[in-house]
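Accompanying notes for the structure given below.
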Amino acid sequence: MRRTVEALLKHGAVVRNLENLGERSLPYKMSKHNLRHTSGGYFLVDFDAPTTIIPTMLDHLGRDIDVIRPSILKHRTPDTDETCPGKIQPNYEEKLHSRKK
Amino acid sequence: MLRAVRTWRPAIWQKGISTQHTPTTSDTSDMPIKLENPYKEPPKRCVLCGIPVDYRNTQLLSQFISPYTGHIFGRHITGLCGKKQREISKAIKRSQQMGFMSVTLKDPAFLKDPNICDFRLQE
């Protein structure tokens with residue numbers, strides 16, 4: 001864990017938040033580095049970084065034997081759905097006469 | 001024998017003759033005001049309207065997969081609007097790949113959840 005964060009900082013990332021989602025049994029057995037894992041700890045790291053370091057980071061995490069499944073996601077806060085219009089009935093007449101397949 | 005039929009129209013219907021029913025005043029004080037339908041129902045919302053969908057809450061996501069096979073339910077079963085259905089399926093795929101949620105089955109702890117989707121369990 002510490003190694004990964006240090007590697008992140010070395011590549012020039014600003015770590016915003018670090019969460020431990022607990023240790024639980026994995027939903028399915030995963031094999032990584034010639035080992036089958038059935039339970040693991042989940043960690044979540046929020047960081048700001050330039051996009052160029054992502055492949056290097058993934059490579060680094062892939063080589064780390066303690067990391068079973070690395071994944072990097074874009075942190076996007078879900079937008080407020082105040083403008084959700086609700087269920088709109090499609091215009092069936094228009095659909096019938098349209099030429100689109 | 002064909003009988004010649006001649007339609008008889010009253011003289012009032014001829015053009016140029018005004019009847020008693022034409023309005024004398026031309027103002028519109030008595031006409032109905034154009035209003036939006038006051039009895040219009042609020043637009044139908046789907047179950048998740050207003051709830052942010054996250055790949056981490058596996059309980060919410062597991063409510064939209066089959067308990068037997070783990071298949072993601074289609075729009076005709078879940079009854080969600082287009083945006084939400086896409087968000088849910090993307091989040092399910094993402095969490096399955098990252099190791100939060102199982103692919104082929106539903107987590108047994110979530111089997112007792114209330115049924116949102118339109119399917120019935122076989123007894």
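Labels below follow one simple rule: chain letters A, B, ... track the order of the sequence lines, proteins then strands, and each chain is numbered from 1. Computed from a predicted structure; not experimentally measured.
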Measure the shortest side-chain to side-chain distance between A:Arg69 and B:Phe100 over non-hydrogen atoms and say whether it is less than 4.5 angstrom. no
Is the CD atom of A:Glu94 crowded by more than 12 outside heavy atoms at less than 6.0 Å? no
Which portion of B:Gln97 sits near chain A, non-hydrogen atoms under 4.5 angstrom: both
Honestly, the part of B:Met101 sitting under 4.5 Å from a heavy atom of chain A is backbone
Would B:Met98 and A:Leu44 show up in the same hydrophobic cluster when neighbours are defined by side-chain heavy atoms closer than 4.5 Å? yes
Kindly compute the distance separating OH (A:Tyr42) from CZ (B:Arg56), expressed to the nearest 0.5 Å. 13.5 Å
Could you state the interatomic distance from CG (A:Leu73) to CZ (B:Arg94), rounded to the nearest 0.5 Å? 4.5 Å
Do A:Leu61 and A:Phe43 land in one hydrophobic cluster if side-chain heavy atoms of ILVMFWY residues count as linked below 4.5 Å? yes
Does one hydrophobic cluster hold both B:Ile72 and B:Leu60, with members joined at side-chain heavy-atom distances below 4.5 Å? yes
Starting from B:Tyr55, can I reach A:Leu26 by hopping between I/L/V/M/F/W/Y residues whose side chains sit under 4.5 Å apart? yes
